[in-house]
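For reference, the structure is listed below as structure tokens.
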Protein chains: 2
Amino acid sequence: MNASGRVTAQDVALLAGVSQSAVSRVFTPGASVAPATAAKVRAAAKRLGYRPNSLARAMITGKSRIIGLVVAYLDNQFYPVAVEKLSLVLQAQGYHVLLFMAANTAGEMERLMEDLLAYQVDGIITASVAISNDVTRQCAQAGIPLVMFNRGQPGAGLSSVTSANALGGRKVAQFLLAGGHQRIAHISGWQGASTGKDRARGLIEGLAEAGCEPHAVIDGMYDRETAAMAARHLMDTASPPDAIFVGNDHMAFAVMDSLRAIGVRVPQDVSVVGYDDVPMAAWGAYDLTTVRQPLMRMVEATVETLLAQINDPERAAQNLEIDAPLILRGSARRPEGGDDAGV
Amino acid sequence: MNASGRVTAQDVALLAGVSQSAVSRVFTPGASVAPATAAKVRAAAKRLGYRPNSLARAMITGKSRIIGLVVAYLDNQFYPVAVEKLSLVLQAQGYHVLLFMAANTAGEMERLMEDLLAYQVDGIITASVAISNDVTRQCAQAGIPLVMFNRGQPGAGLSSVTSANALGGRKVAQFLLAGGHQRIAHISGWQGASTGKDRARGLIEGLAEAGCEPHAVIDGMYDRETAAMAARHLMDTASPPDAIFVGNDHMAFAVMDSLRAIGVRVPQDVSVVGYDDVPMAAWGAYDLTTVRQPLMRMVEATVETLLAQINDPERAAQNLEIDAPLILRGSARRPEGGDDAGV
DNA sequence: CTGAAAGCGCTAACAC
DNA sequence: GTGTTAGCGCTTTCAG
């Protein structure tokens with residue numbers, strides 16, 4: 001045992017009466033050791049409380065088994081749950097998660113890349129974070145695979161996993177139209193993000209197919225306060241909307257709160273539809289009709305894509321879109337005689 | 001540059017025409033280098049895109065600057081926000097967070113300790129996780145400081161940071177009594193956790209001081225469904241409570257949902273008080289009167305305690321309790337003519 | 001102030 | 001199978 005109280009393979013080797021490499025082999029999955037040797041070593045290791053030093057191993061192998069997970073904000077419930085699932089799936093695969101909280105700006109991301117690279121992460125997952133071209137270049141140069149979760153970046157040459165956002169928006173359009181809504185407004189997700197843009201585009205295209213146009217489109221910036229203000233603003237006109245599609249659940253809750261605060265009934269006066277289907281959407285207070293992002297499938301696809309790229313650096317980037325069903329609840333009037341199940 | 005495309009200090013040294021140790025010194029905060037040398041080295045480093053390898057540095061120094069953060073579940077909003085703040089504060093101090101999601105069981109924690117130790121973390125923060133004696137022994141043996149966030153463990157000899165839970169419960173008792181409530185029930189936090197026990201004890205003691213007893217106490221297990229069932233159960237008797245103190249906000253939301261679902265009005269028929277003051281408590285749909293855990297102060301205290309222990313291994317464990325004010329909102333009837341502000 | 005040399009704890013050839 | 005040997009990329013004495 002060295003000065004710091006840490007037990008080394010050497011200590012175990014001494015006690016077990018074998019070489020230090022023998023000890024290493026016992027703790028290296030695919031190595032060949034005589035059962036008897038392994039037993040001796042394990043016994044000695046147990047007695048000493050030995051544990052291989054992952055950092056030392058990482059230096060040699062060039063694989064740290066650490067994944068950098070970069071997240072912007074955790075107040076939208078979708079992300080904590082995503083972080084939880086991503087961690088769990090990664091842990092199950094023997095990886096570990098180095099967590100980075102980032103402001104959603106290119107400069108901040110830049111700064112984080114320094115640390116990410118310094119810790120020799122095997123791969124990076126970004127959740128709802130903007131990636132500058134500089135960053136992608138740095139990653140490519142360092143040969144570190146990166147997958148964007150819930151954010152696309154057309155033309156960046158980076159892998160991404162999202163739900164089928166445009167299609168989701170289209171489903172909402174069709175559903176609201178079928179429900180007899182005439183004035184469908186959209187408080188959109190941030191138009192600087194692919195998710196916000198795609199959902200808005202889907203809605204608009206869906207309406208257009210029926211010869212309609214959105215009653216109004218306001219950028220809610222994925223921010224509660226902005227969305228609430230937008231809702232008040234929409235209702236404060238001569239012809240208020242009879243339905244509002246909100247760019248994500250997080251904002252939809254704020255919209256419902258602010259509608260109720262001014263005496264507007266949901267869904268009798270205005271139907272509200274969200275996007276994400278976070279757990280809270282099912283709670284009694286909101287009972288929100290929303291487009292479900294299939295979290296586990298997205299998480300699994302993200303991890304799969306990342307690990308595939310780690311194991312085969314030549315692998316091309318891929319952009320996956322996962323189908324997102326509409327979940328019918330009580331916040332939006334449904335088509336008469338319509339199906340009760342999700343679309 | 002070695003085969004893997006990684007740039008080493010050696011490469012920089014060559015290009016700068018200095019020794020490798022000179023390069024090291026340039027990137028080691030407290031080392032003495034001639035300005036001219038430093039300039040040459042930095043230029044070369046920049047040109048090559050060099051970044052010191054934290055893992056190699058960690059091996060030498062015995063300090064990884066990694067903190068293991070162990071969290072149980074992220075569905076109670078209190079924890080994601082805590083994780084966010086903890087990460088931010090730790091990042092600001094030059095530390096990095098290795099995130100572990102754990103089932104809240106001793107066995108699981110055991111398994112995680114393996115990984116924690118293997119990665120040579122400098123310290124550990126657990127958020128609402130039960131720690132077995134085995135684990136504390138392992139930590140002590142490995143000399144790794146550990147601070148429990150939002151969980152106490154009397155007699156474990158471990159540091160912890162919590163809010164003043166018992167006092168919080170007492171405040172609720174006094175507030176509800178002052179509001180004229182006669183039958184005060186408690187759907188408690190999990191009685192296997194210090195937080196749940198202390199808040200319940202505080203309430204009961206607070207009532208006792210006024211010569212009262214709780215109308216009923218049911219363990220809500222920090223679980224939405226359990227809490228909702230408890231609420232329905234409480235109301236389904238000849239003399240239902242006129243106030244319910246719920247062990248945390250997460251359960252309180254479920255309680256309010258289930259009360260409303262059976263036509264019970266909050267606060268006209270029953271007052272509801274929570275604990276935590278998660279962001280959602282302020283949202284219109286719940287407008288929950290609750291005891292605020294001062295998150296930032298708890299986070300800062302946690303990080304401070306941990307870093308103090310890292311820097312001075314001899315330092316004794318400390319158990320901090322941070323005062324938690326009662327925040328008055330609309331879910332509970334207030335004392336007549338009472339103060340509008342928090343207590 | 002700077003370079004040479006000795007490792008941190010481990011894995012990966014390489015002989016035996 | 002197993003021990004020996006050579007490093008992974010870096011920090012840190014130790015001379016100069």
Glu108(A) bridged to Arg111(A) by N-O distance under 4.0 Å: yes
Any residue in residues 38-48 of chain B with a heavy atom nearer than 4.0 angstrom to DNA chain C? Just list them by number, or reply none. none
Quick check with a 6.0 Å cut-off and a 45 degree axis cone: is Arg51(A) positioned over the face of Tyr119(B)'s six-membered ring? no
Atom CG of Asn53(B) and atom C1' of dC8(C): how far apart are they, to the nearest Å? 13 Å
Heavy-atom nearest nucleotide on DNA chain C for Met59(B) versus Val18(B): which residue maps closer to 5'? Val18(B)
What about Tyr73(A) and Tyr222(A), are their ring centers closer than 6.0 Å? no
Let's test your reading of the model: under 3.5 Å, does the base of dA4(C) pair with the side chain of Ser21(B) as donor and acceptor? yes
Using OP1 and OP2 only, check whether a side-chain N or O of Arg57(B) sits under 4.0 Å from dT11(D). yes
I'd like to know whether Ile124(B) forms a side-chain contact (heavy atoms from CB on, under 4.5 Å) with Thr126(B), so could you lay out the CA-CA distance, the side-chain angles of the two residues, the decisive distance to 0.1 Å, and finally the verdict. CA-CA 6 Å; Ile124(B) 300 175; Thr126(B) 65; 4.0 Å; yes
Starting from the 5' end of DNA chain C, give me the residue, Ser54(A) or Gly17(B), whose nearest nucleotide shows up first. Gly17(B)
Measure across Gln293(A) and Ser163(A) and return the closest heavy-atom pair with its distance rounded to 0.1 Å. OE1-OG, 2.7 Å
Of the listed nucleotides (dT2(C), dT11(C), dG3(C)), which one gets closest to any side-chain atom of Ala34(B)? dT2(C)
Name the one of Val147(B), Asn150(B), Val89(B) that satisfies side-chain contact (heavy atoms from CB on, under 4.5 Å) with Thr302(B)? Val147(B)
Are any of Ser19(A)'s side-chain N or O atoms less than 4.0 Å away from OP1 or OP2 of dT4(D)? no
Let me know the distance between CD1 of Ile60(B) and P of dC10(D), rounded to the nearest Å. 11 Å
Taken to the nearest whole Å, OH/Tyr119(B) to P/dC10(C) is 14 Å
Are Gln138(B) and Glu114(B) packed together at the side-chain level, in the sense that at least one heavy-atom pair is separated by less than 4.5 angstrom? yes
Could you tell me the separation between the CG atom of Asp11(B) and the C1' atom of dC8(D), rounded to a whole number of Å? 13 Å
Value in whole Å for how far the P atom of dC10(C) lies from CZ of Phe27(A): 10 Å
Look at Thr37(A) and dT2(D) and indicate whether a side-chain polar atom (N or O) is within less than 4.0 Å of OP1 or OP2. yes
Reference residue Ser64(B); test side-chain contact (heavy atoms from CB on, under 4.5 Å); the match among Thr61(B), Ile66(B), Ile67(B): Ile66(B)
So, is Ser32(B) near the phosphate of dC1(C), with a side-chain N or O under 4.0 Å from OP1 or OP2? yes
What one should report as the nearest heavy-atom pair of His96(B) and Leu98(A) is CB-CD1, 4.1 Å
In whole angstroms, the gap separating C1' of dC10(D) from OH of Tyr50(B) amounts to 7 Å
DNA chain C stem ranges, 3 or more consecutive Watson-Crick or G-U pairs under 3.5 angstrom: C:1-16 with D:1-16
Base, sugar-phosphate or nothing for Val23(A)? Non-hydrogen atoms, less than 4.0 Å. nothing
Roughly how many Å is it from CD in Gln20(A) to P in dA12(C), rounded to a whole number? 12 Å
Contact check, side chains of Thr195(A) and Trp190(A), non-hydrogen atoms, under 4.5 Å: no
Rounded off to whole Å, could you give me the CG-to-C1' distance for the Leu14(B) and dG3(C) pair? 14 Å
